[in-house]
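Remember, it's 1-based here, ligands and their atoms both numbered in the order they're listed.
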Amino acid sequence: MQNTLSEISAHSFRDEAECVLQLENFIGDFSGIYLRARKMAEELVIKARAEPPRLFEALLQHYPLASKEGRALMVLCEALPRIPDAATQQELIRSVANSATWKSGRQGAIGVASNVAFGLIGRLAGMKALNAVSPLFHKTAAAIIEKLAGGFILAESIESGIAKAKKYEEKGFLFSYDMLGESARTANQAERYSKSYSDAIKKIGAQHPTKKNWREKPGISVKLSALYHRYELLKKDEVVEHLLPKLLALAKEAAQHNILLTVDAEDAARFDLYLEIFGAAFTDSALAEYSYDGFGLALQAYQKRAFPAIDYLLALSQKYHRTIPIRLVKGAYWDTEIKNAQMAGLKNYPVFTAKENTDISYIATAKKILEHTENFYPQFATHNALTIAIVSELSVGKKI
Ligand SMILES: Cc1cc2nc3c(=O)[nH]c(=O)nc-3n(C[C@H](O)[C@H](O)[C@H](O)COP(=O)(O)OP(=O)(O)OC[C@H]3O[C@@H](n4cnc5c(N)ncnc54)[C@H](O)[C@@H]3O)c2cc1C
């Protein structure tokens with residue numbers, strides 16, 4: 001058992017092979033689960049492929065993510081909706097258009113739409129001067145990209161997000177709303193993000209007034225880096241002084257509205273601080289006085305510390321007799337983690353360097369979480385059909 005923060009920290013840069021051996025030993029004989037999961041995953045994939053592809057999927061088939069064009073489209077989808085002024089938007093469209101070779105040629109309704117997009121992007125690429133981009137081209141390109149970005153962004157505001165979610169909720173889906181707030185760069189921005197989170201909690205909380213259990217209601221995800229502009233390792237005292245009260249205030253609001261609040265997992269460098277802040281908020285008497293156990297966190301399986309961190313969280317839950325909701329993810333910032341470790345000249349990485357090792361870590365950590373469902377409320381976030389199937393197999397017979 002590693003249940004102190006410094007014990008978990010010691011795993012940051014452990015030898016990868018050693019970590020994997022420990023994880024494999026914990027998983028044990030896996031062959032039966034794997035065979036059943038593979039079959040289920042194949043069925044899931046066949047079912048998903050039978051659905052007519054949406055514009056976004058059609059575009060990705062045309063321009064896979066591994067291609068220059070696919071990556072260029074992702075850049076546009078991610079960045080364009082956040083740029084407030086038309087001139088900068090045009091500049092981005094042009095620079096992305098110039099960065100790749102666009103081909104067209106698909107048939108059908110999606111084909112027509114994507115051909116419009118490709119043709120447009122190709123045409124923009126051919127234009128030399130920024131002022132040669134006509135407002136009509138810009139508008140059409142922006143509209144298409146907005147439609148594509150819709151694959152990632154539910155809505156522009158929490159109100160319209162809640163409205164859009166209704167038809168899915170009727171089918172039994174639950175939502176965790178993520179505000180697109182990135183890291184705050186200034187105190188004003190941090191203030192604005194905190195207020196948006198607080199407003200969102202009230203609006204989400206006002207939904208489903210008859211449901212008493214947060215497990216049956218939508219929740220919210222919160223980024224610590226959005227709450228405080230100096231969320232930095234070297235400013236730990238300041239972080240505790242300024243960020244902790246903000247997180248606590250949001251957690252208390254979530255408790256009052258009885259909705260799930262999950263603290264998003266961010267970079268590995270601040271993982272120890274992340275756990276410490278979470279632990280401090282979890283054990284604070286201001287939160288403990290509510291009979292609320294919907295304050296949770298996300299854990300990234302690509303980190304060598306994910307598996308040992310479960311021991312720390314288990315000890316916390318046992319000591320305070322409160323469930324901790326955990327959302328297990330693989331981790332969204334792998335490239336950045338590798339780059340950061342290389343830039344810092346570290347002799348090892350805080351994340352696994354082989355994709356299959358992240359998968360092994362995910363399976364072992366999922367198994368460990370599912371062994372303690374009296375302490376953890378397990379949530380598994382993945383887009384991978386095989387991972388979904390393995391988690392379903394691991395969950396058989398568990399009381400959740
Ligand atoms: C509801 C929800 C909430 C999420 N919240 C968070 C969050 O709070 N924090 C966060 O970081 N992410 C979050 N994610 C994103 C998540 O971490 C993954 O990036 C994403 O879901 C893709 O993982 P997968 O299991 O679907 O994909 P897969 O395709 O099975 O795996 C891709 C993942 O493998 C890992 N990987 C890729 N290459 C390598 C390599 N060479 N070595 C080791 N590992 C590698 C990376 O983690 C990569 O994301 C969330 C996702 C969802 C759906």
Side-chain angles (χ1 to χ4, degrees), residues 13-17 19-20 23 34 37-38 41 44-45 48 57 60 64-66 70-71 74 78 151-154 161 165 168 173-183 197 218-227 231 247 260-271 274-275 277-278 295-307 309 324-342 348-366 377-392 394:
F13 301 105
R14 246 182 104 191
D15 176 70
E16 186 154 345
C19 290
V20 172
L23 296 168
Y34 180 76
R38 236 203 112 81
L44 283 174
V45 171
E57 287 145 2
L60 280 188
L65 270 183
R71 282 198 301 275
M74 292 305 280
E78 220 238 342
F152 303 102
I153 303 161
L154 181 66
Y168 298 101
F173 288 98
L174 274 182
F175 281 70
S176 180
Y177 291 95
D178 202 336
M179 322 286 289
L180 269 187
E182 295 303 321
S183 308
Y197 280 135
I220 190 160
S221 300
V222 169
K223 280 192 173 53
L224 294 186
S225 63
L227 292 183
Y231 171 45
L247 179 63
L260 172 68
L261 186 150
T262 304
V263 186
D264 272 345
E266 299 184 70
D267 55 314
R270 290 179 292 191
F271 183 69
Y274 166 78
L275 276 189
I277 295 282
F278 175 81
F295 179 60
L297 79 172
L299 210 55
Q300 298 152 320
Y302 67 14
Q303 281 209 51
K304 293 173 180 170
R305 281 167 288 180
F307 183 75
I324 301 181
I326 299 183
R327 180 212 291 152
L328 187 63
V329 300
K330 288 185 191 168
Y333 314 101
W334 185 81
D335 306 53
T336 311
E337 293 298 351
I338 297 293
K339 191 182 76 185
N340 287 348
Q342 288 170 343
N348 218 327
Y349 297 100
V351 295
F352 293 107
T353 60
K355 158 81 165 77
E356 58 270 30
N357 292 345
T358 294
D359 288 338
I360 292 169
S361 168
Y362 195 95
I363 296 167
T365 311
Y377 176 69
Q379 301 154 94
F380 301 99
T382 174
H383 305 94
N384 182 315
L386 186 59
T387 309
I388 294 172
I390 290 173
V391 167
S392 305
L394 290 172

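Between S176 and ligand 1 there is no heavy-atom distance shorter than 4.0 Å. Heavy-atom separations between N357 and ligand 1 are all 4.0 Å or longer. Between R327 and ligand 1 there is a heavy-atom distance shorter than 4.0 Å.
Every atom of ligand 1 with a heavy atom of A332 under 4.0 Å away is listed here by number and element: 10 (C), 11 (O), 12 (N), 17 (O), 19 (O). Here is the list of ligand 1 atoms found below 4.0 Å of a heavy atom in A354: 40 (C), 42 (N), 43 (C). Close contacts of ligand 1 with A265, meaning ligand atoms under 4.0 Å from a residue heavy atom, involve 7 (C), 8 (O), 9 (N), 10 (C), 11 (O). Counting atoms of ligand 1 from 1 in the listed order, those under 4.0 Å from a heavy atom of N384 are 26 (O), 28 (P), 30 (O). Here is the list of ligand 1 atoms found below 4.0 Å of a heavy atom in D264: 8 (O). Each of the following atoms of ligand 1 lies closer than 4.0 Å to a heavy atom of A298: 8 (O). Atom numbering of ligand 1 starts at 1 in the shown order; those under 4.0 Å from a heavy atom of F352 are 42 (N), 43 (C). Annotation for ligand 1: atoms under 4.0 Å from non-hydrogen atoms of Q300 are 10 (C), 11 (O).
Listed by first and then second residue, the salt bridge (charged side-chain N to carboxylate O under 4.0 Å, His left out) pairs involving residues 328-341 are K330-D359 (not counting sequence neighbours).
Atoms OG and CZ, from S221 and R327 in turn, are 4.0 Å apart once rounded to the nearest 0.5 Å. Here F352 contributes atom CZ and I338 contributes atom CD1; the two are 11.5 Å apart, rounded to the nearest 0.5 Å. The distance from atom CG of L299 to atom CD1 of I326, rounded to the nearest 0.5 Å, is 6.0 Å.
Ring geometry for F278 versus F295: interplanar angle under 30°, hence parallel rather than tilted (30 to 60°).
Protein heavy atom closest to atom 52 (C) of ligand 1, with residue, atom name and distance, is A381 CB, 3.5 Å. Of the protein's heavy atoms, V329 CG1, 3.7 Å lies nearest to atom 6 (C) of ligand 1. Looking only at heavy atoms of the protein, atom 47 (O) of ligand 1 is closest to G331 O, 2.6 Å. Considering only non-hydrogen protein atoms, atom 26 (O) of ligand 1 sits nearest to H383 N, 2.6 Å. Closest to atom 35 (C) of ligand 1, if we only count protein heavy atoms, is T358 CG2, 4.0 Å.
Considering backbone and side-chain atoms together, Y333 places no N or O closer than 3.5 Å to any N or O of ligand 1. Between D359 and ligand 1, no pair of N/O atoms sits closer than 3.5 Å.
Annotation: side chain of Y231 is not in contact with side chain of S183 (no heavy-atom distance under 4.5 Å). Considering only heavy atoms from C-beta on, L247 comes within 4.5 Å of L227 through its side chain. The side-chain heavy atoms of T382 and Y362, taken from C-beta on, include a pair separated by under 4.5 Å. Residues Q300 and L328 form no side-chain contact, since every pair of their non-hydrogen atoms from C-beta on lies 4.5 Å or further apart. Counting heavy atoms from C-beta on, the side chains of E356 and V20 never come closer than 4.5 Å.
Proximity of T382 to ligand 1, defined as any heavy-atom pair under 4.0 Å, is shared by backbone and side chain alike.
Nearest to atom 38 (N) of ligand 1 by heavy atom, out of W334, F175, Y349, is W334. Nearest to atom 36 (N) of ligand 1 by heavy-atom distance, out of Q303, K355, K223, Q379, is K355.
Remark: Y274 engages F271 in a ring pair (Phe, Tyr, Trp, His ring centres under 6.0 Å) (not counting sequence neighbours).
Annotation: R38, atom CZ; neighbour count of heavy atoms from other residues, nucleotides and ligands within 6.0 Å does not exceed 12.
No hydrogens or angles considered: a donor-acceptor pair under 3.5 Å links the side chains of Y349 and Q342.
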